Amino acid sequence: MCGIFGYIGKRKNAGALVIKGLKNLEYRGYDSWGVAMRLSDGSIKCEKDVGKIGAVNPDQFKEESSLAIAHSRWATHGGVTKINAHPHFSCDQTIAVIHNGIIENYGEIRDELKAKGHTFRSETDTEVIPHLIEEELKKKGTTLEEATRRACIRFTGRYAILVLDARSQTLVAARTGSPLIIGVGEGGEYFIASDIPAFLEYTRTVQYLDDGEMVAVHDGKIRFSDIASSAERTKRLVTIDWTVSEAEKGEYEHYMLKEIMDQKDSIRRAVHQDDEEILAVAKSIENCIGCILTACGTAGKVCMAADYFFSVVAKRHVNFTPASEFPIFHHFLRPESLIIVVSQSGETADVLEAMKVAKAAGSKVLAIVNTQGSSIARAADYTLLINAGPEKAVASTKAATGQMAVLLLVAHAVAGKLHEGRTLLLETSGQINDMLNPRYIDHIRDVAKKIASHDNMYIIGKGWNYPMAMESAIKIQEVSYIHAEGFAAGELKHGPIALIEKGTPCIALMGNDEFTADMVSNIMELRARGAQIIGIGPKKFDVFDHWIKVPDSGAAQAIVNIIPVQILAYLLAVIRGRDPDMPRNLAKSVTVK
Ligand code: G6P
């Protein structure tokens, strides 16, 4: 939520640099954008507007500057207006602030500051930050770092902030609950962003800011400290293995399509795990008393599929609870419990909250994440990376299949069949490589054209295809805005079948499994009410109006079945003139609860 990017160093093009870098974080929010750059005369140039930063030309910020911050917003407090766009300023216009998160007690702070004569321009919670810092700076001998620290101590809520002080030419950042990463460049230059792709072009050496910490950069020197105690902190330098090309669109029109096509290779990368680590994780699952999977959105549907993986492959009972609901079940947690959290970004607020609850009960946490060094990865007791590389489209595709691959591998390891699991997944990876060719996409485009004008779609599946039906619905909803719902095939007759009309598109996710007869019966029931059936599975049946073939992948069927739905959702969005990478109202990396 909200993209943050700041630069301080010797380069002279800081304004253009932060705008360009921020375009790589647009998936975090795209309601409005803004930039503040310190000019050589000591003043600040600020530009902001509603709309996407993607459309902004970085060259319009060609004035000489070595200190700048930029922000793309996902609105929480205050509507999507130019005035509410960040940065926000102190009364004297020398302090500019950008912010991700929510300052919950902003109301009382704003009233207090107003009483002291501060003038507020926006409806945002953010605007209290520069004014409070300005107030603190009035106290003799106070540095920007100290003033920001005192301000942060007053705030409740989750936030990441960047503070630019034009007078002292200092950049200060602080975090409590929302991510901030420092990119370390050459000769005392620093990049501070909410996500790595912002500065990947300049450096792959990073330092992570943890919750409750702040950092101040001035004159080429950097100082990390604890917000509460002001004690200095030392930070490790970490090298990131993502590359610039992985984070770019390349030949593709959209990131979503690029990331779908990357599944030719990403499953293999996901399976590339250290045997000892997988076996250690398997042991902790075997030995724990009570194992709960938790996550949000698509990662949550992956967890539901994993319920089936553990049940069918490992005969082990594991339950899924959405992360936002997880704290309600804290009574059942104990030190012997194991919580498995799944997240692409590694920053989702509800997941972090669930981890906090689990830790408070003394339970252990296994994290399956894509983003190395993310808050979730660092807070977990064990972490498995899925190695999907940067995922930038808001709709999760390759991360979801990578997460399923790792969970299926772990389920095999719990069953004492690690080698068998890896072989299955490597074969599946080869099948996906063969499947993802231009003819395949053309065929799905033909199907998409036939159903794109419908306002409602339903998806059914049984076994692990049931959570995939729910995930299919998310994919279609979020990028094409078509109303879509996923059901367990057997549940249709208990209510949803009332929604079927002549021509209603219904997608049936099938496997070459013992559920075929049941699925065919459920499809017949739909057809009898006029539904148009799109069958996705390894075998063709007469009950299908359209068939999208997938390989027969046994226990990995859920992974291959979701891929044509991802393509279908993408094509439905394109046909209906939607932007699949930046769907309305959504954002990636949801750092608010
Ligand atoms: C958002 C994204 C989804 C994602 C979910 C969980 O809603 O739009 O694609 O599945 O957050 O995110 P995470 O990063 O924890 O996987």
Side-chain angles (χ1 to χ4, degrees), residues 1-3 25-30 74 100 158 177-179 194-197 255-256 259-260 266 270 293-306 320-326 339-355 365-380 383-404 406-407 467-468 470-481 486 562 565-566 569-570 573 578-593:
M1 304 253 131
C2 297
L25 301 190
E26 197 165 14
Y27 52 83
R28 298 184 66 92
Y30 31 84
W74 188 84
N100 171 23
R158 308 168 62 85
S178 299
S194 38
D195 221 342
I196 292 162
Y255 283 109
M256 185 176 176
E259 289 157 10
I260 290 171
S266 55
L293 283 152
T294 193
C296 299
T298 288
K301 302 302 173 279
V302 164
C303 290
M304 288 179 72
F320 165 67
T321 303
S324 53
E325 297 289 309
F326 183 91
I339 315 307
I340 307 179
V341 300
V342 180
S343 174
Q344 187 288 126
S345 62
E347 300 294 347
T348 303
D350 286 325
V351 179
L352 282 162
E353 189 64 28
M355 287 174 79
V365 178
L366 160 65
I368 296 179
V369 292
N370 189 31
T371 311
Q372 180 191 359
S374 56
S375 305
I376 292 174
R378 283 177 298 136
T383 300
L384 296 176
L385 292 175
I386 63 163
N387 307 318
E391 189 184 68
K392 295 178 93 178
V394 166
S396 183
T397 54
K398 64 173 178 173
T401 51
Q403 289 158 354
M404 281 196 276
V406 171
L407 283 158
M468 286 305 98
M470 298 178 80
E471 167 55 12
S472 301
I474 293 188
K475 282 288 96 47
I476 295 170
Q477 290 159 7
E478 65 184 338
V479 296
S480 74
Y481 315 154
I562 197 63
V565 185
Q566 296 168 347
Y570 168 78
R578 312 298 187 192
D579 177 352
D581 284 345
M582 278 174 264
R584 70 182 175 205
N585 306 339
L586 292 172
K588 211 166 177 72
S589 203
V590 182
T591 53
V592 292
K593 287 211 282 173

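Whatever order the structure lists them in is the order used to number ligands and atoms, beginning at 1. Because the structure is a prediction, the values reported are computed rather than measured.
- Between Ser343 and ligand 1, a contact under 3.5 Å exists for at least one N or O pair.
- Of all atoms in ligand 1, listed by their number and element, those nearer than 4.0 Å to a heavy atom of Gln344 are 13 (P), 14 (O), 15 (O), 16 (O).
- Under the 6.0 Å distance and 45° angle rule, Arg584 counts as a cation-pi partner of Tyr481.
- Taking every heavy atom of Thr298 and a limit of under 4.0 angstrom, the matching atoms of ligand 1 come to 10 (O).
- Taking any N or O of Val394, backbone or side chain, at least one lies under 3.5 Å from an N or O belonging to ligand 1.
- Atom OG of Ser375 and atom CD of Glu347 lie 3.5 Å apart (nearest 0.5 Å).
- Of all atoms in ligand 1, listed by their number and element, those nearer than 4.0 Å to a heavy atom of Ser345 are 13 (P), 14 (O), 15 (O).
- Every atom of ligand 1 with a heavy atom of Thr348 under 4.0 Å away is listed here by number and element: 12 (O), 13 (P), 14 (O), 15 (O).
- Interface atoms of ligand 1 facing Ser396, defined by a heavy-atom separation under 4.0 Å, are 9 (O).
- Screening Asp350, Thr371, Ile386, Val369 against Ser343 for a side chain to side chain contact (heavy atoms under 4.5 Å, CB included) leaves a single residue, Val369.
- The atoms of ligand 1 that sit less than 4.0 Å from any heavy atom of Ala299 are 10 (O), 16 (O).
- With hydrogens and angles ignored, the 3.5 Å screen pairs a side-chain donor or acceptor of Asn370 with a backbone N or O of Ala388.
- Between the side chain of Lys301 and the main chain of Met470, no donor-acceptor pair closer than 3.5 Å is present.
- The OG atom of Ser374 lies 8.0 Å from the CG atom of Leu385; values are rounded to the nearest 0.5 Å.
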